[in-house]
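Residues take their numbers from the sequence shown, with the count starting at 1.
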Amino acid sequence: MSAEFTFSIKKTRFDEDYTPSDDTRLTTNFANLARGEHRRENLQKVLQMIDNRFNSLAHWDNPKADRYSVELDIISIEMNINAGTKQDVFPLIEILNTTIVDKIKNERIPGLSGNSFSSYVRDYDFSVLLLDHNQGRSEFQVPDHYGDLHGNLFKSAIHSAAYKALNGKMPVICLSVSSNRTYHKTANHHPVLGTEYEQREFSLTDQYFGKMGMKVRYFMPSNATAPLAFYFTGDLLSDYSNLELISTISTMESFQRVYRPEIYNANSPAPDFYQPSLKHQDYSLTRIVYDREERSRLAVEQGKFTEERFIKPYHDLLEQWSAQAPV
């Protein structure tokens, strides 16, 4: 049996009134904040953090540090599966899209898509497949062709007509650096991204994003406490404007200050040779409620959901499609 896979996009505003949809991964940073009795307060505070950070980085012609604000939209990419007489829709990927509001010029400026990255198949790969493969092994191993299917799904989605109609530029994903790698400060300095760091051995996440066609560079922006990992295609430093890059930094650094305060809300900046650690004790907490243990548990549940709803019923079709994927 053959199948046709197409993609469609839904857009949801992320603001203080945001409520996660039934298809949203509850481990996603923006969804996790919008739950519980403090949901509205959480959302208001993190949105203010993003605006404040944006204005601190876009400081030129901005003496009161209030010229800009950032609007966020959640972009949900669904995979439409037509397999014989069976039709199905699977919530494949969610990313964030930024729009910059210039209050002086009264203009809305397109920002960047990507930023955060949410993927059910990634949950399956990291929280189900990888754990099952290493069950009973004395040494950690990665399965053959690990990440190939996810990489081809991602590349097909962002090269689809639906995504191209949304944004003319390729996405930039911004994540935390790995706690099992050491990063070395370089002499390279970008006016917005800040000081570049390097590391000599790619992490499993770096390799996984490589299967998605994305390279990685690490930069620590001005007044930050740790470098961020930027995953991109093309040329990170020349393909995007300063304001576009600032929209990504301000959004994702704010989320990381909430989720990984030991790294991104530390009370002293990263040294020249830096190994991040979630056991670091000298840090400050934000006034935003977040349950990190629940997020880890839900990742496993969502991985199993993906296995039962997507991987098992369409395994042979997905393997055949991935082997012939045109991108």
Have a look at Phe310 and tell me which of Phe90, Phe305, Tyr124 forms a ring-ring contact (aromatic ring centres under 6.0 Å, His included) with it.
-> Phe90
Distance-only side-chain donor-acceptor flag, Ser247 / Thr98, under 3.5 Å = yes
Under the criterion ring-ring contact (aromatic ring centres under 6.0 Å, His included), which of Phe117, Phe209, Tyr120 is the partner of His150?
-> Phe117
Check whether any side-chain heavy atom of Ser8 lies under 4.5 Å from a side-chain heavy atom of Asn80, and answer yes or no.
-> yes
Tell me, with the steps shown, if Thr286 and Val46 meet side-chain contact (heavy atoms from CB on, under 4.5 Å).
-> CA-CA 9 Å; Thr286 64; Val46 78; over 6 Å; no
Hphob cluster co-occupancy, Leu278 + Val258, side-chain heavy atoms under 4.5 angstrom = yes
Is there a donor-acceptor contact under 3.5 Å from the side chain of Arg181 to the main chain of Glu201?
-> yes
In sequence, state the C-alpha distance, the side-chain angles, and the governing distance for Lys169 and Asp239, and then conclude on side-chain contact (heavy atoms from CB on, under 4.5 Å).
-> CA-CA 8 Å; Lys169 293 188 176 183; Asp239 290 349; 6.0 Å; no
Note: Leu130 and Pro143 closest approach over all heavy atoms is CD1-CD, 3.7 Å
Any donor-acceptor N/O pair, Asp73 side chain to Lys11 backbone, under 3.5 Å = no
Worked verdict on Val128 versus Thr306 for side-chain contact (heavy atoms from CB on, under 4.5 Å) = CA-CA 10 Å; Val128 177; Thr306 304; over 6 Å; no
Measure the shortest side-chain to side-chain distance between Val192 and Leu57 over non-hydrogen atoms and say whether it is less than 4.5 angstrom.
-> no
Check for a donor-acceptor pair, side chain of Gln281 on one end and backbone N or O of Lys279 on the other, with a separation under 3.5 Å.
-> yes
Do the side chains of Tyr231 and Phe202 join up, straight or via other hydrophobic residues, at under 4.5 Å, putting them in one cluster?
-> yes
Should we count NZ of Lys105 as having more than 12 external heavy atoms under 6.0 Å?
-> no
How far does CD1 of Ile50 sit from CG of Asn55, to the nearest 0.5 angstrom?
-> 12.5 Å
Any donor-acceptor pair under 3.5 Å from Asp51 side chain to Val70 backbone | yes
Any side-chain heavy atom of Phe54 sitting closer than 4.5 Å to one from Ile100?
-> yes
Looking at side-chain heavy atoms only, is the closest gap between Met170 and His159 below 4.5 Å?
-> yes
Answer with yes or no after comparing the ring centroid distance for Tyr274 and Tyr218 against a 6.0 Å cut-off, counting only values under it.
-> no
Separation of Ile77 CD1 from Ser118 OG (nearest 0.5 Å) = 10.5 Å
Is any NZ, NE, NH1 or NH2 atom of the basic residue among Glu308 and Lys304 found under 4.0 Å from an Asp or Glu carboxylate oxygen of the other?
-> no
Measure centre to centre between the rings of His190 and Tyr240, then say whether the value is under 6.0 Å.
-> no
Kindly give the heavy-atom pair with the smallest separation between Arg260 and Ser176, and that separation in Å.
-> CD-OG, 3.4 Å
Distance from Gln199 atom CD to Gln275 atom CD, nearest 0.5 Å?
-> 11.0 Å
Side-chain donor or acceptor of Arg53 paired with backbone N/O of Thr251 under 3.5 Å = no
Ion pair present between Asp102 and Arg108, side-chain N to carboxylate O less than 4.0 angstrom?
-> no
Taking every heavy atom of Leu243 against every heavy atom of Ala58, the minimum-distance pair comes out as CD2-CB, 4.1 Å
Picking from Leu96, Leu175, Ile288, what satisfies side-chain contact (heavy atoms from CB on, under 4.5 Å) with Phe255?
-> Leu96
Is the backbone N or O of Ile263 less than 3.5 Å from a side-chain atom of Thr225, with the two atoms forming a donor-acceptor pair by type?
-> yes
With the 4.5 Å side-chain cut-off for hydrophobic clustering, are Phe154 and Leu166 part of the same group?
-> yes
When you measure from the side chain of Ser322 to the backbone N and O of Leu318, does any donor-acceptor pair fall under 3.5 Å?
-> no
Donor-acceptor contact present, side-chain Lys211 to main-chain Tyr146, <3.5 Å = yes
Among Ile173, Ile158, Asp206, which residue meets the side-chain contact (heavy atoms from CB on, under 4.5 Å) test with Met214?
-> Ile173
Validation row: Glu71, Val101 side chains within 4.5 angstrom (heavy atoms) = yes
What pairs meet the salt bridge (Lys or Arg N to Asp or Glu O under 4.0 Å) rule with one or both residues in residues 214-225, with sequence neighbours excluded?
-> Glu196-Arg217
Do Met49 and Glu253 have side-chain heavy atoms sitting under 4.5 Å apart?
-> no
His145, NE2: over 12 other non-hydrogen atoms inside 6.0 angstrom | no
For Thr248, the side chain to side chain donor-acceptor pair (under 3.5 Å) test, sequence neighbours excluded, returns Asn115
More than 12 heavy atoms of other residues, nucleotides or ligands under 6.0 Å from CZ of Arg287: is that the case?
-> no
Closest non-hydrogen atom pair, Pro276 against Val177 | CG-CG2, 3.4 Å
Are any side-chain N or O atoms of Tyr264 and backbone N or O atoms of Pro227, one a donor and one an acceptor, separated by less than 3.5 Å?
-> yes
Is the distance between the ring centroids of Tyr208 and Phe126 under 6.0 Å?
-> yes
Closest approach of Tyr183 to Ser178 (non-hydrogen atoms, all atoms of both residues) = OH-N, 2.8 Å
Main-chain N/O of Ser284 paired with Asn265 side-chain donor or acceptor, under 3.5 Å = yes
Rounded to the nearest 0.5 Å, the OG atom of Ser250 sits from the OH atom of Tyr68 at a distance of 12.0 Å
Hey, mind stepping through Ile75 and Ile93 against side-chain contact (heavy atoms from CB on, under 4.5 Å) and telling me if it holds?
-> CA-CA 8 Å; Ile75 306 302; Ile93 293 167; over 6 Å; no
More than 12 non-hydrogen atoms from neighbouring residues, nucleotides or ligands closer than 6.0 Å to CG on Asn180, yes or no?
-> yes
Please work out whether the ring planes of His184 and Phe273 are parallel, tilted or perpendicular, with thresholds of 30° and 60°.
-> perpendicular
Give a yes or no on whether Arg137 atom CZ has more than 12 heavy-atom contacts from other residues, nucleotides or ligands under 6.0 Å away.
-> yes
dist Ile81:CD1 -> Asp88:CG (nearest 0.5 Å) comes out at 5.0 Å
Is there side-chain contact between Met79 and Phe7, with heavy atoms separated by less than 4.5 Å?
-> yes
Minimum side-chain heavy-atom gap Pro171-Tyr163 below 4.5 Å | yes
d(Gln256 CD, Cys174 SG) to nearest 0.5 Å is 7.0 Å
Phe140 and Leu204 have their tightest heavy-atom pair at CZ-CD2, 4.2 Å
